[in-house]
Amino acid sequence: MDILNILKEGVAAAVRELYGEEIGSDKITLTTTRKEFEGDYTVVTFAFTRIAKKKPDDIAQEMGEYLVANVEEISAFNVIKGFLNLSISETFWKNFLADIADDETFGRQPANGQKVMVEYCSPNTNKPLHLGHIRNILLGWSMSKIYDALGYEVVKVQIVNDRGIAICKSMLAWQKFGEGETPESTGIKPDHFVGKWYVGFETKFKAEYAAWQLSKAGQELLAEKKNEKQSAEAFWKKYKNTYFNDYSILGNEARDMLLKWEAKDEGVRNLWMMMNSWVYKGFEGTFEALGVSFDKLYYESDTYLLGKDIIEQGEKDGIFFRKEDGSVWIDLEERKLDKKLVLRSDGTSVYMTQDIGTAKMRADDYAPDKVIYVVGNEQEYHFKVLFEILKDLKEPYADGLHHLSYGMVNLPDGKMKSREGTVVDADDLIAEVVKEALAQGLDRGELEELSKEEQTEIATFTGLASLKFFILKVKAEKTMVFDPKESVDMQGQTGPYVQYAYVRIKSVLRKNETAAQANMSDYTGLSAVEKHLVQQVYTYPTILESAAKNYDPAEIAMYCYNLAKSFHKFFYDHSILKAESEAAKAFRLQLSKAVANTLKSGLDMLGIDMPERM
RNA sequence: GGUCUCUUAGCUCAGCUGGAUAGAGCAGCUCACUUCUAAUGAGCAGGUCGCAGGUUCGAGUCCUGCAGGGAUCACCA
């Protein structure tokens, strides 16, 4: 049984025996003991003063005596200012260590028959992935790993936004100005190639718009529509969309292309398929570099018309209402979510319609018990509404839906803006961290005897570790600041710091020549660092569960960092191979193995690989 | 304006169901490599936890109000 439960039961029994009252375990406050005090776990006794009608110190004293006498795992106690600090017996820790030291699956749970679907990444196909996608991808991948470790069957999906005006812009610009060049002919990574033409469209459009502003029609419109407080510049900025829709020649051509696409015009469809295939090829490269994959891709071009039948049925059931103009709405004002459109007056779908349809489609395809949507927090309102609608529709899967909402990634000097060219490109960033890792690795001299390939492999491990850890250590919901300089750091609270602990252990194990282990149970008098280290390893399964429950990989990242930190301290303070006794050596070797397994597993939950040396 | 969210050291972040003197890393200043990998360890310095009330034996944590930042409130996706 779990030590925390043993302790809680012991405390409950103590209260029953000493004060004659039954208490629930929720009334017991149990924490790990602060490191400046003696002990492993601490019971806060203030809560019992009413029951016992005694002072906290006296309660703690009585309770400590009772617990040492009656609970086998508790070896000693001390009382400080009403806090009862309990020491767990060395035997308990050593037994635990003996059980798990060689178990590489420690922390994982057997299959539980439940299925969870994780939707993440979900890019647009008109330009390459950027830093924001990286945060999304890392979170999604990590959640998949965590749920997999807890025994769930995991289905990783993404919805590819492969249609719409944006991709038409890239298509049009390439068609008009591309002169037949291709990713192959230019040597540009294919998704970047398509992105280049998207930017190309915007540039041409901007020029057209600027010229139009100076034209007679433009000046007349300005004089007519601009209000007095507004500057001309501000007016034109705001007017851009209207111009695009009502006046722009390029805009008209792009919209025309979209209409042709919807009418399944063969020429447009072929062009569309070609450009999208380029983008997918490019994305594939980025996914591979990040070490992530998907089980199933849903394409918006297949799903964008879904959901209408559900809306119609819902209207009959009185969940939605129709306005005079024919548009269909849901009223969520009582739930503080306002009224929301679900079908346009011309009978076509909106985003919400499509998401309702897609949710049902995926439920039909996979019947997941749980669905995690990894999507930025700017869509919180959308998902709240979506989930409410699905509940109202009494969809059986509606209760298992969760929006893993994450905050924006900002740069030290502000937001990323594509217009200002401050968007951090995913591929550039990955290349940069690996390059930096290689430079730092070579600088240390540890890799000199290795081949070029091995050096690159290690630099890939450490560089990506640095980047991934930097992003995942921040709680998902928080807006974070991404400093490119810090993201390649390899000292302190970083991925490589954790990897380094593992590498040190591996190095020791390589040098250990004695195959047969002395009996570590003969080792007594564990140091505080040693005990703390076992205790931390012991917590790992709990951390995994908590991270899953809270949808928060950062808990695992911080855990790994703290475990590595304790190990580094232990490593500095104690000699493993030249320990005082064979028993001590055996214990420390087992402890090191347990730490190595746990760190490897923990980083694996974050999608970070472990090098054997670095 | 409505709704949601955030505000902790110079910077980036932890702080679980309320518990002991609020913790890490980076940056700054010291110190420790003839030792199992110094991508490490030890130390110094750095805080009125945005502000004001309230609940409690006890509040960074819960409640209310205020200030400041962000998001969202499209017949866009």
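Chain naming here is simple, since letters A, B, ... match the order of the sequence lines and numbering starts at 1 in each. This structure is a prediction, so every number in the text was calculated from the model and none was measured.
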Separation between the P atoms of B:rC51 and B:rA67, rounded to whole Å: 16 Å
Applying side chain to side chain donor-acceptor pair (under 3.5 Å), can you list everything that pairs with A:D346, at least two apart in sequence or on another chain? A:T348
So, for A:W261 and A:Y304, is the gap between ring centers shorter than 6.0 Å? yes
Pick base, sugar-phosphate or nothing for A:M614, based on heavy-atom distances below 4.0 Å to the nucleic acid. base
I'd like the P distance from B:rG46 over to B:rU7, given in whole Å. 25 Å
Going by modelled atom types, is there a donor-acceptor pair between the base of B:rA20 and the side chain of A:T42 at under 3.5 Å? yes
Which nucleotide, B:rC6, B:rC73, B:rC36, lies nearest any side-chain atom of A:K478? B:rC6
For the pair made of CE in A:M558 and P in B:rU12, what is the distance, rounded to whole Å? 16 Å
Separation of the P atoms in B:rU21 and B:rA59, to the nearest angstrom: 11 Å
State whether A:E580 and A:R588 are salt-bridged, where the test is any N-O pair (Lys NZ or Arg NE/NH1/NH2 against Asp/Glu carboxylate O) under 4.0 Å. yes
Think A:K415 has a side-chain N or O under 4.0 angstrom from the OP1 or OP2 of B:rG70? no
When the P atoms of B:rG10 and B:rA45 are compared, how many Å lie between them, rounded to an integer? 15 Å
Residues A:R362 and A:E119 bridged, charged N to O under 4.0 Å: yes
Per-residue pairing states of RNA chain B in dot-bracket (Watson-Crick or G-U under 3.5 Å; . unpaired, | other strand) read (((((((..((((.....[...)))).(((((.......))))).....(((((..]....))))))))))))....
What's the gap between B:rG23 and B:rA9 when it is taken at their C1' atoms, as a whole Å value? 11 Å
Closer than 4.0 angstrom, basic N to acidic O: yes or no for A:K475 and A:E555? no
Given the side-chain rings of A:F571 and A:F567, with only the six-membered ring counted for Trp, is the space between their centroids under 6.0 Å? yes
Are any of A:R344's side-chain N or O atoms less than 4.0 Å away from OP1 or OP2 of B:rC76? yes
Out of B:rU12, B:rA38, B:rC36, minimum distance to the side chain of A:S507 belongs to B:rC36
Shortest non-hydrogen separation from A:V375 to A:H403 and the atoms involved: O-NE2, 2.8 Å
Less than 4.0 angstrom between a side-chain N/O of A:R163 and OP1 or OP2 of B:rA77, yes or no? no
Taking atom P in both B:rC62 and B:rU8, compute the distance separating them and give it to the nearest angstrom. 16 Å
